[in-house]
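Everything numeric here is computed off the predicted structure, so don't read it as measured data.
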Amino acid sequence: MMLPSAFRPLVDISADPGQGGLWFIFQTGCLLVRCEGDTPCVPRLAAGSALPVPVGTPTLIGVLGITPCWAVEADAAAMVPVGWQFEGLRRLFNRLSDEIVAIAGRALQWLEFERTHRFCGVCATPMENHEGGHSRRCPKCEHTVYPCIAPAMMVLIKRDTTRGRELLLARNVRAPGPFYSALAGFVEPSESIEGCVHREVCEEVGLTVRNLRYFGSQSWPFPHSLMVAYVADYEQGEIVCQASEIVDAQWFTLQSLPQLPHRLSIARRLINSQIAEIDPTHAALRV
């Protein structure tokens, strides 16, 4: 997910929500959308207009052009009016515009930060907003916390054989669908991202790799990851799946690709880059 160029990120807890704008209203991780045929939309309200559901205290997370964007949690018992519903953000991929999905991801991460940092982790005192809402600080012991960003590596392993280019793709036990993707894992304390790549590859599929090349990064708000992606060349080893992490892992040629991740994910862009390097007309690039 990439924030649109017209979006100016900010957090302002003192702003006036009565000025209207785009509202990203969540309830237990699901986004409120109006259902208009096959094209849902988030609430876009004029100044002084009423929200469709009762909510808590909103936070201004940024401005899209000149339109304020608000993040807020709906009351747990809020009744949804006819024509509205709460849906998981992943289910809204391809149905909302990419720019709205990206801003919704930012909203979801801010609400998660607010939800999980209501009390001080040192002395349990209720936390207060600090630095205009960019952090929270304990009024008793002054412990200060900032939004949590969890760095994670992703690596697509490739090899060229007599069958052509082969990609190592795996099904993770926690994947929200039957698709295959590149390997991924969270960086541990005192570990470099490159060190994490080598460790995770060895742990998850029993292989070693070489020639790591940085591909790109992406914010991933499920719940607060920063994915850092690499391409690597296969060095040696036979696939042995780590049962607690990987359901299945295989070498796939470009002619036998399985179901792949959604196009909004950096995993799909990473896979597509390797497909395009060999076959720029491949059907998978158009999905």
Side-chain angles (χ1 to χ4, degrees), residues 1-13 15 17 21-34 39-44 55-65 67-74 84-117 133-136 145-154 172 174-177 179 181-182 184 186-187 215-229 260-270 272:
M1 296 178 183
M2 184 176 296
L3 289 168
S5 58
F7 183 80
R8 180 165 57 92
L10 56 90
V11 175
D12 186 355
I13 60 171
L22 283 169
W23 285 78
F24 297 86
I25 304 172
F26 285 88
Q27 187 183 70
T28 60
C30 294
L31 179 66
L32 181 68
V33 292
R34 179 188 287 277
T39 307
C41 61
V42 299
R44 181 186 289 268
V55 300
T57 302
T59 297
L60 181 65
I61 59 166
V63 179
L64 180 61
T67 303
C69 297
W70 302 90
V72 67
E73 191 76 22
W84 296 86
Q85 66 184 43
F86 285 102
E87 287 205 44
L89 189 55
R90 291 178 193 260
R91 292 178 57 86
L92 293 168
F93 288 3
N94 283 349
R95 296 168 59 206
L96 291 175
S97 69
D98 291 357
E99 69 176 17
I100 294 298
V101 167
I103 299 170
R106 175 176 170 84
L108 184 60
Q109 289 185 78
W110 275 107
L111 293 175
E112 176 70 7
F113 170 59
E114 293 174 354
R115 184 186 70 84
T116 56
H117 292 83
H134 287 266
S135 64
R136 290 196 159 193
V145 292
Y146 294 84
C148 176
I149 305 297
M153 75 81 202
M154 175 170 286
N172 191 279
R174 291 178 292 276
F179 59 81
S181 185
F186 288 102
V187 179
F215 174 79
S217 64
Q218 180 184 55
S219 172
W220 194 244
F222 303 107
H224 42 62
S225 301
L226 176 65
M227 306 300 300
V228 183
L260 299 176
H262 191 274
R263 64 176 180 80
L264 285 182
S265 67
I266 195 170
R268 183 57 176 270
R269 291 194 284 118
L270 180 60
N272 281 357

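Classification of the Trp110-Phe113 ring pair by plane angle, with boundaries at 30° and 60°, yields perpendicular.
For the pair Val42/Leu32, no side-chain contact is recorded, criterion being any heavy-atom separation below 4.5 Å from C-beta on. Residues Pro4 and Ile103 meet the side-chain proximity criterion, which asks for heavy atoms closer than 4.5 Å. You'll find the side chain of Val228 stays beyond 4.5 Å of the side chain of Phe215, heavy atoms only. Contact of the Leu10 side chain with the Ile61 side chain is not registered, since no non-hydrogen atoms from C-beta on lie closer than 4.5 Å. For the pair Leu31/Ile25, no side-chain contact is recorded, criterion being any heavy-atom separation below 4.5 Å from C-beta on. Between Leu108 and Phe26 the shortest side-chain heavy-atom distance falls below 4.5 Å. Ser219 places a side-chain heavy atom less than 4.5 Å from the side chain of Gln109. Within the 4.5 Å cutoff, no side-chain heavy atoms of Phe24 are placed close to those of Pro43.
At least one donor-acceptor pair closer than 3.5 Å links the side chain of Arg95 to the backbone N or O of Arg91. In this structure, the side chain of Glu112 does not engage the main chain of Pro221 through any donor-acceptor pair within 3.5 Å. Using a distance-only test at 3.5 Å, with no hydrogens or angles considered, a donor-acceptor pair links the side chain of Gln218 to the main chain of Ile266. Here the side chain of Arg268 pairs a donor or acceptor atom with the backbone of Pro261 at under 3.5 angstrom. For the pair Arg136 (side chain) and His117 (backbone), a donor-acceptor distance under 3.5 Å is present.
Considering CD of Glu87 and SG of Cys30, their distance stands at 8.5 Å, rounded to 0.5 Å. Note that CZ of Phe186 and OG of Ser225 are 3.5 Å apart. Values are rounded to the nearest 0.5 Å.
Among all heavy-atom pairs drawn from Cys41 and Trp84, the shortest one is O-CZ3, 4.4 Å. For the pair Ser217 and Leu226, the tightest heavy-atom approach, listed with the atom from each and the gap, is CB-CD1, 4.4 Å. Taking both residues in full, the closest heavy atoms of Leu89 and Val101 are given as CD2-O, 4.3 Å, listed atom of the first, atom of the second, then distance. Shown here for Pro40 and Leu96, the closest heavy-atom pair between the two residues is O-CD2, 3.4 Å. The nearest pair of heavy atoms linking Phe7 to Cys69 is CE1-SG, 3.9 Å.
Taking the ring centre of Phe222 as origin, the terminal cationic atom of Arg90 falls inside the region bounded by 6.0 Å and 45° from the ring axis.
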Could you go through the side chain to side chain contact (heavy atoms under 4.5 Å, CB included) check for Arg106 and Val11 one step at a time?
CA-CA 11 Å; Arg106 175 176 170 84; Val11 175; 3.9 Å; yes
Yes or no on side chain to side chain contact (heavy atoms under 4.5 Å, CB included) for Ser265 and Trp220, after CA distance, side-chain angles and deciding distance?
CA-CA 8 Å; Ser265 67; Trp220 194 244; 4.0 Å; yes
Working for side chain to side chain contact (heavy atoms under 4.5 Å, CB included), residues Met154 and Leu270
CA-CA 9 Å; Met154 175 170 286; Leu270 180 60; 3.9 Å; yes
From CA spacing to verdict: side chain to side chain contact (heavy atoms under 4.5 Å, CB included), Glu73, Thr57
CA-CA 8 Å; Glu73 191 76 22; Thr57 302; over 6 Å; no
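The closest side-chain donor-acceptor pair between Arg263 and Asn94 falls under 3.5 angstrom.
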